[in-house]
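For reference, the structure discussed in these notes is given below.
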Amino acid sequence: MSDKQHESEQDHLVRMINQIAHNNSAAGDHEAIADVVAGHVKKFWPRRMKGHLAECLDNGGDVLHPAARLAGERLRDDGHLQDVQPHERG
Amino acid sequence: MLQYFDPKVNPVVDHNRDYGTKPSLSEKQVVLEIDGIAIQVPEGTSVMRAAAMADITIPKLCATDNLDAYGSCRLCAVQIEGRRGMPASCTTPVEQGMKVWTQTDALAKLRRNIMELYISDHPLDCLTCPANGNCELQDMAGAVGLREVRYGFEGENHLEAPKDTSNPYFTFDGSKCIVCSRCVRACSEVQGTFALTLDGRGFASKIAAGQDEGFLDSECVSCGACVQACPTATLTENSVISMGQPEHSVVTTCAYCGVGCSFKAEMKGDKLVRMVPFKGGEANHGHSCVKGRFAFGYATHKDRIRVPMIRDSIDQPWKEVSWDEAIGFAANRLRAIQAEHGRESIGGITSSRCTNEEAYLVQKLIRTAFGNNNTDTCARVCHSPTGYGLKQTLGESAGTQTFDSVLKADCVLVIGANPTDAHPVFGSLLRRRLREGASLIVADPRHIDLLDTPHLTSAMHLPLRPGSNVAMVNALAHVIVTEGLEDLDFIRERCDNAAYQQWRAFIAEERNSPEQMEAVTGVNAELVRQAARAYANANNAAIYYGLGVTEHSQGSTTVMGIANLALATGNIGRDGVGVNPLRGQNNVQGSCDMGSFPHELPGYQHVADDVARGRFEQAWGVTIDHEPGLRIPNMFNAAISGQFRAMYVQGEDIAQSDPNTQHVEQALRSLDCLIVQDIFLNETAKFAHVLLPGSSFLEKNGTFTNAERRINRVRKVMPPVAGKEDWEVTQMLSNALGYAMNYQHPSEIMAEIASLTPSFAGVSYEKLEEFGSLQWPCNDENPQGSPIMHVESFPIGQARFAVTEFVATTERATRRFPLLLTTGRILSQYNVGAQTRRTENQVWHSEDVLEIHPHDAEERGVKDGDWLGISSRAGHTVLRARISERMQPGVVYTTFHHPHSGANVITTDNSDWATNCPEYKVTAVQVERVTQPSEWQKNFHDNHQRQNKFLKDATTAVDPS
């Protein structure tokens with residue numbers, strides 16, 4: 001995997017989650033927007049993207065919309081981003 | 001013995017019979033007697049139709065039951081007790097107690113005289129005539145007992161009238177014409193194009209296309225309604241002229257657009273002679289377009305893939321192998337990749353062109369044999385925002401109406417859809433309603449043909465800028481709310497109050513007013529206000545929308561905004577209203593219903609829903625992942641970064657249809673194993689390692705679900721060219737991977753779907769045979785399906801208004817890229833063109849062109865027909881220019897039907913915020929005159945040559961012929 005490619009995928013993901021935050025800005029304050037963003041990510045994003053979000057937060061998450069960052073932190077704290085690799089089941 | 005009065009009461013309609021005139025919809029019943037037989041029919045029925053319903057055939061020529069009665073041939077004259085003369089039965093309505101006689105000596109003489117006149121100016125070449133065996137004129141001559149023509153054939157006549165062979169699919173032979181005008185009336189009443197006219201008077205009258213310029217050069221759209229209506233050999237399919245009359249027929253469903261027309265495939269043995277739209281089809285009622293009726297030649301095209309093929313790398317020629325070897329090769333590779341790179345390193349794509357059963361089976365294969373949720377479908381790139389937006393607001397991911405519902409609409413709002421090109425049979429129905437007086441509002445950057453509907457009474461065009469849909473929909477809603485045009489009773493009873501109050505406060509803000517939004521939409525605020533009033537004040541107002549709504553960065557928001565409009569005005573839950581997504585491909589609705597998305601099991605049941613997932617786990621005997629899998633764009637990204645290594649793609653050409661082609665090609669080249677199942681070597685297959693021959697819709701059994709949620713049967717009329725239907729191939733692959741599937745027939749797959757999907761619980765092949773088609777939800781509450789949704793309640797109880805903040809796309813005109821490109825479709829070609837490009841439809845559209853406004857063209861020194869280089873931040877391609885005022889200045893337009901056009905080389909990776917549906921409809925570009933193709937096009941051409949040689953070499957290796 002080239003770093004450049006990975007970086008651009010990361011950039012793309014940041015763009016997407018910020019887009020979700022912007023499109024739900026009418027939900028209210030950052031707390032309320034974060035609720036919507038977190039719900040959306042939890043429901044629709046695959047493990048791979050959740051993993052990238054966790055990496056982004058590990059790097060400080062400065063590029064994230066404040067509500068998106070809050071959503072990410074909540075998801076991480078609730079354990080929804082840690083399950084990056086699928087459980088191997090029998 | 002007692003005589004009982006026992007009239008035949010509204011007998012079952014036989015869709016293979018011509019009843020002569022249209023049915024009456026009156027509730028009031030009338031009893032009359034025809035030739036001594038009593039029959040009860042609805043008031044308003046013609047005597048001709050009443051007779052046919054009593055199984056009495058009255059001779060006729062100018063009448064047919066999809067046209068208004070005309071009364072010109074006089075052959076259908078009857079005698080009625082108490083009335084003088086011999087009235088035409090087609091134009092005479094029944095009356096209570098009427099006594100009709102259809103066969104008397106006087107009538108026999110009259111009819112013979114009429115036929116004698118007709119035949120005196122008609123060639124007597126019946127034995128060599130293409131209509132021999134299926135000619136109403138011939139039948140009538142026989143029925144009336146015509147034995148001689150006293151006038152001779154020497155006088156002035158039309159026997160030397162010329163033929164018009166300009167249309168590739170049918171021939172007009174003027175010498176056979178009896179000037180009954182059925183073709184003219186079909187063109188106006190059924191199709192709504194008004195291309196045909198009756199030219200001249202009396203003996204000189206003749207049928208003319210356009211300004212008598214021939215069919216191909218006229219405005220004729222080649223729908224074939226005239227050919228179907230013609231009672232003689234005057235208008236005949238060329239396939240019938242060359243092959244002769246068919247000997248049996250099978251009712252099936254068209255595989256082109258989301259209208260889902262029913263057709264009789266008329267056959268000779270296993271050879272398809274012609275497709276005739278089936279009168280009993282609820283979606284199309286006996287009408288069709290040029291694609292469905294005529295463009296079926298691709299099914300037997302020489303390019304069809306007939307044998308499974310494999311290769312180790314995409315730089316090698318193909319090797320033809322047996323099915324077992326190809327499937328074994330694919331399974332071994334998939335297992336080896338998963339062993340090395342993990343369970344999530346593979347995935348697949350279901351097809352929106354294949355059947356429900358096939359889409360269901362592919363996602364089942366992925367969730368069971370692959371053991372992950374990495375399934376997606378091409379709805380990702382077209383209508384995924386519809387699924388999201390309608391589920392959020394109305395609680396179900398589907399349109400709310402039947403197509404017929406439009407006949408009760410008083411105001412029709414069309415947003416980002418072009419039905420006369422993309423959904424032609426619905427377009428004709430809509431035009432009929434517009435001719436009857438419904439008002440039309442079109443919100444579209446282009447002046448679409450619907451705005452030029454003949455006999456349109458009231459039409460408004462809101463020529464908004466690409467990317468401003470949400471601003472427009474919000475402005476319309478603002479007017480409705482602030483001018484007191486809401487349906488407050490509906491809102492109170494049917495909608496969630498908290499969500500409504502939040503939305504209302506938002507939408508009433510001045511920033512959403514037409515005046516404030518004018519700077520964004522570019523549409524005059526007063527015009528927007530008029531449109532909002534027209535929509536809100538109509539008794540029944542309906543919204544129809546297409547990919548011009550969904551394929552934007554705010555596609556999902558616009559869909560929710562559309563639902564808001566319908567909810568605010570109470571236009572939900574009855575005939576004539578609703579929210580109607582016009583689906584692109586034949587089975588987009590079905591592939592979505594069947595659990596093709598990575599986060600949803602069949603019936604839109606989320607993978608994280610333990611109860612729903614538990615049912616599937618129990619039925620399938622596996623553990624299903626509770627996290628969503630990869631969407632198509634994720635698969636591409638993961639492939640490029642090396643974590644996603646193999647893909648099974650059934651019946652979709654992602655290399656041509658997905659945005660940012662160079663990115664897609666890079667992803668496909670990165671795969672270790674790409675398995676493509678298709679009927680042709682499509683663009684994606686050029687990157688494949690395993691090529692599995694697909695079967696066309698004519699070669700398999702199954703069901704399609706159209707845009708009105710109608711489940712229709714697809715029936716096999718000929719054997720698959722490579723011996724297997726698509727579902728059988730998926731089943732083989734599953735078995736080779738160690739997950740056992742053992743279906744004997746698609747009906748068994750449907751039974752499994754019904755057992756696991758609440759909205760399909762009542763669907764079975766037996767019931768489809770009984771009712772013809774079923775609209776889901778079909779279950780215990782709605783055993784015969786649900787034509788109109790949300791009549792009494794919503795699946796989520798109360799509907800939810802959604803706050804729809806306008807967020808401008810990042811794709812905007814700049815100094816470097818000053819124009820906005822938007823893309824679309826044309827009538828004669830279908831989607832990526834793989835099918836229609838292999839038919840005579842090419843005569844109408846053999847290349848994609850760039851439409852550019854005269855102002856923008858002049859600024860760049862561009863003339864019609866010049867080669868134009870089009871550049872965006874994603875790529876560069878070259879197309880020929882067409883100067884057109886259909887575009888507004890600053891906007892250019894093209895289609896994507898031809899792969900070498902590279903329309904998607906230019907489109908970017910921008911996408912809908914909620915679903916990642918690509919923003920095909922807005923790309924900032926620059927345009928300049930050039931002299932040679934783009935670099936991408938040169939590479940495309942080279943790769944095309946090389947890959948076709950690999951295919952050709954494989955074929956010759958086995959079969960030297």
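We name chains A, B, ... by the order of the sequence lines, and we start the count at 1 in each one. This structure is a prediction, so every number in the text was calculated from the model and none was measured.
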Donor-acceptor contact present, side-chain Q19(A) to main-chain S911(B), <3.5 Å
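Indeed, once roles are kept as given, a pair shorter than 3.5 Å links the two residues.
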Side chain, backbone, both or neither: which part of [X] has a non-hydrogen atom closer than 4.5 Å to chain A?
{"X": "Y388(B)", "value": "side chain"}
{"X": "A914(B)", "value": "both"}
{"X": "S553(B)", "value": "both"}
{"X": "Q502(B)", "value": "side chain"}
{"X": "A638(B)", "value": "both"}
{"X": "N916(B)", "value": "side chain"}

Got F44(A) and E600(B) here, is their nearest side-chain heavy-atom distance under 4.5 Å?
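A side-chain contact under 4.5 Å is absent here.
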If you measure from [atom1] on [X] to [atom2] on [Y], what distance do you get to the nearest 0.5 Å?
{"X": "N910(B)", "Y": "M16(A)", "atom1": "CG", "atom2": "CE", "result": "11.5 Å"}
{"X": "R47(A)", "Y": "D625(B)", "atom1": "CZ", "atom2": "CG", "result": "4.0 Å"}
{"X": "N637(B)", "Y": "Q10(A)", "atom1": "CG", "atom2": "CD", "result": "11.5 Å"}

For G629(B) against P46(A), the heavy-atom pair lying closest together:
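Closest heavy-atom pair between G629(B) and P46(A): O-CB, 3.2 Å.
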Among K42(A), M49(A), K43(A), which residue has the highest count of heavy-atom pairs closer than 4.5 Å to chain B?
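Going by pairs under 4.5 Å, I would pick K43(A).
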Identify which of D909(B), T557(B), V803(B) forms the greatest number of heavy-atom pairs closer than 4.5 Å to chain A.
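The answer is D909(B).
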More than 12 heavy atoms from other groups under 6.0 Å of CZ on R800(B)
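No, because the 6.0 Å sphere around CZ of R800(B) holds 12 heavy atoms or fewer from other groups.
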Measure N18(A) against the heavy atoms of chain B and call it side chain, backbone, both or neither at under 4.5 Å.
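It is neither, since no heavy atom gets under 4.5 Å.
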Can you classify the ring geometry of H40(A) versus W913(B) as parallel (below 30°), tilted (30 to 60°) or perpendicular (above 60°)?
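Aromatic pair H40(A)/W913(B) classed tilted.
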Can you name the one residue among R631(B), E627(B), H599(B) that meets side chain to side chain contact (heavy atoms under 4.5 Å, CB included) with W45(A)?
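By the side chain to side chain contact (heavy atoms under 4.5 Å, CB included) criterion, W45(A) pairs with just one of R631(B), E627(B), H599(B): R631(B).
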Residues R48(A) and E344(B) bridged, charged N to O under 4.0 Å
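Judged by the 4.0 Å cut-off on N to carboxylate O distance, R48(A) and E344(B) do not form a salt bridge.
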